[in-house]
Amino acid sequence: MRKNSKITTILVMILLLFILSGNGSILAERPYEGVEISIGLLDRSISDALRPYFGEFEEETGASIYMEQHAFDSLHDKMMLEFAAGTGYFDIVYNSPGYMGTLIENDYILPLDDYFEEYDIDQDQFLSAAFEINRHVGDETWGFPYLSDTTVMFYREDLFNDPEYQEEFEEEYGYELDVPETTDEFLDAAEFFTRDTTGDGDIDLYGFGYPQIGVAYGNLYIMPWIWTFGGEYYDDEFNSTLDQPEVLEAVEFAKELQQYQPAGVLGWEYGEHFTRFVEGDLAMSAGWFHMGLEVNDPDISDVAGDVGYTTMPYAPDSGLETGKTVLGGGGLAIAADSENPDAAFEYLKWMFGDQDRAVEWFLEAGGFTMPAVLEDPAVKETYPWATDFFPVANFALDNMAKQRPTLPEAHSIFEVTSEMWHNVAMGAQTPEEAVRTAHQRLNDILEPRQ
Amino acid sequence: MIDRLKDNMSRYSFLIPSLVALGLVAVFPVIYAVRSSFYSWNLHRPAAREFVGFNNFVKLVTDYTYVNSVSITLLYTAITVGSTMILGFLLALLLKKPFKGRNVVRALLTVPMIMTQVVIGLNWRVFMWEPDYGLINWLLRLVGIRGPAWVSSVPFAFIAAAITNIWFMTPLVMIIMDASLASFPQSLEDAAKIDGASYWQRIIYVIIPILKRTFAFTLLLRITIDFRMFDIVHVLTGGGPARTTQLLSIWVYNQALRVSDMGYSNAGAILMMVIISIICSIIAYFGLIRGGEQA
């Protein structure tokens, strides 16, 4: 018995000496032993794809991860309840442009700029859009890059390269048929391709098609056109700027373009325009990243192999060099009432700041925030039909994507702008009338901030 | 005396669990909603909650979006309820006479009623009302008519929303009327027939007056359903284009879950409840209480 306790004492002393002499790196590298990091995310495959990494992170740092997934509205409600009660329930939450204003203006999340500096995050490895999506009013960054998205234009290469169409177009418009770069060329191409190809008296090919139903889609449709023409919704003092001539010009442009879209676009959601495009009914359309990934997928698209990618057109008189698109996706924010903000940031850096892991995660249905991901050979090999799409997506994210209004009043603002657009599209109001009304209503909404 | 009191108390005590459950799930939410309607309470700024008296209600009356939704809801309810009442009753009359396959027809006619409203909205939008490929415009094209963009133009979005509802709700009226007609005393109709009353005279002067309470009950049921209609229209049109199909329930939903203005949204919901209560009380009084006495 005595012999056993002697042996135990010696072993313990050896272990202590081992640790104190600096050889105890195994233990020292687990700085968050026993800590649990709680994450609130959307119920999507991109979040599911994070689960396989939880064990590895715990092994390395000692911190375990608990992830809760909700639908968009449910996550908002859950976060608001927990934050308002100050429970410290979440350490990390999804920071959508739809939540951001509320989270920031109630001091529910932390600005991360100091963390980026302290943890020496190489911000250049990310797309600029990955940070832009985490900005509200001002330059502070409120989330870690998690998901970047924007719209890219798809067009039917077989139609644009058809010699008969090329000849006909040149005769009609006086210049060569090419993929449109400007809004004027875009209108011409849309008009040209809107036609009856079978001769039965019905139009069966449309120049363009994009969903516009309800407040969300109505706004997502008209907002980038307004930006493309150089307009804005409001200025830095929160005065409505819908009375700018650029806004009127954009609405007039959109009205003209509406003639070359199927009659039902005001009732379309995202899936519907994608279906119509892959069925070959549209010469041009646009869509978010996953659609770009799929339009040339032979298992999904009837027009696979015939689809080209380009950026949305720019308005020549706007002074802008590219068209503008809506920035999508979101970031991951650290809760202000988190008891473990350092462990939370450590996780974000570990999971989303490492390029190799970013590629792996992307290939397992994850998101992306680094241009290098789309340039990775493994990614190109997995999606051989989308290799032309990747550089366009990277360019659009870095140069065209723009953050939408993130104020808590955003939905009310979008109600005004979507109603403005719908009234014009239906012919219920002229562009001038609609813009004038919307300008007044927007000022009413923004008045408390002015 | 004491024994009777004890007896009564023990009997009433059995009601307590039910009353507590009812209070929690039915009464408390209403009281809470009424209380909230007197507050400025936006979930975007939960800390800034304050009592504002009747301000929310005053704002509602001058809010063009709310007034628009009230008008649309009243019109929508009048059209859909009126149409389903007539169609449901006519179908029940058709099914009254025995014919081969009557039960199969009856079963088939009830199919819409058992479908989920979201599925109905989606299917009608994509397969029926779609301007290029939808069944309705295809049928119209057969007779040389170019159909409109149903769910995305005025006034067709409203018409499409109403027709979809009528298709969905007519079977409910039909089933109630069918059950009532099944227990209708045939001798009364036979007597009228012997007196020389035509088919339509028998319906108007014999059947309808006797089924007055059934009509009143069905009318109440239908009004309460359609006044609160949400799913079908929300999926079909999203309340648009430009709010032309934004029923009151969609307005309340948007204010509560999109704008996050809980106080204002609750005020809208309370006012909606008051409107529907007044309408239903009038119908109940004339159709069930006074009408019942006359019948």
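Letters go in sequence order (proteins before strands), and every chain restarts at 1.
Of all the listed residues (A:P262, A:P408, A:G101), the one sharing the greatest number of non-hydrogen pairs under 4.5 Å with chain B is A:P408. The choice from A:M80, A:E269, A:H411 that makes the most heavy-atom pairs within less than 4.5 Å of chain B is A:H411. Interface summary for chain A: among B:P148, B:A242, B:A149, the most heavy-atom pairs under 4.5 angstrom belong to B:A242. The candidate with the highest count of non-hydrogen atom pairs below 4.5 Å against chain B, out of A:V215, A:D281, A:D204, is A:D281. Comparing A:R276, A:Q212, A:H76 by heavy-atom pairs within less than 4.5 Å of chain B, the highest count is held by A:R276. Contact count versus chain B (heavy atoms, under 4.5 Å) is highest, among A:G214, A:G264, A:A425, for A:G264. Of the residues considered (B:G238, B:P131, B:A48), B:P131 shows the highest number of contacts with chain A, using heavy-atom pairs under 4.5 Å. Of the residues considered (B:D132, B:N254, B:V151, B:L43), B:D132 shows the highest number of contacts with chain A, using heavy-atom pairs under 4.5 Å. Top candidate by heavy-atom pairs under 4.5 Å with chain B, chosen from A:M420, A:E409, A:Q429, A:E415, is A:E415.
If you run side chain to side chain contact (heavy atoms under 4.5 Å, CB included) between B:I276 and each of B:L248, B:T224, B:T73, B:L271, only B:T224 comes through. Of the residues listed (B:F168, B:W150, B:W129), the one engaging B:W124 in a ring-ring contact (aromatic ring centres under 6.0 Å, His included) is B:W129, and it is the only one.
Other residues, nucleotides and ligands contribute over 12 non-hydrogen atoms within 6.0 Å of the CZ atom of B:F51.
Residue contact with chain A, scored on non-hydrogen atoms closer than 4.5 Å, is absent for B:T65. Of the two parts of A:Y108, only the side chain, counted from C-beta on, holds a non-hydrogen atom closer than 4.5 Å to a non-hydrogen atom of chain B. Interface remark: A:Y206 contributes side-chain atoms only to the contact with chain B (heavy atom separation under 4.5 Å). Heavy atoms of A:N106 lying under 4.5 Å from chain B belong exclusively to its side chain. Both the backbone and the side chain of B:R258 come within contact range of chain A, each with at least one heavy atom under 4.5 Å from a heavy atom of that chain.
Ring geometry, B:F158 versus B:Y76: the interplanar angle exceeds 60°, so the pair is classed perpendicular (tilted spans 30 to 60°). Ring geometry for A:Y221 versus A:W225: interplanar angle over 60°, hence perpendicular rather than tilted (30 to 60°).
Using a 4.0 Å cut-off between charged nitrogen and carboxylate oxygen, B:R243 and A:E419 count as a salt-bridge pair.
If you look at B:Y66 and B:W251, their ring centroids are closer than 6.0 Å.
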Test log, rule side-chain contact (heavy atoms from CB on, under 4.5 Å), inputs A:E272 and B:V126: CA-CA 9 Å; A:E272 287 167 273; B:V126 175; 4.2 Å; yes
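Both cation-pi conditions hold for A:R441 and B:Y64: the charged atom is under 6.0 angstrom from the six-membered ring centre and inside a 45 degree cone around its axis.
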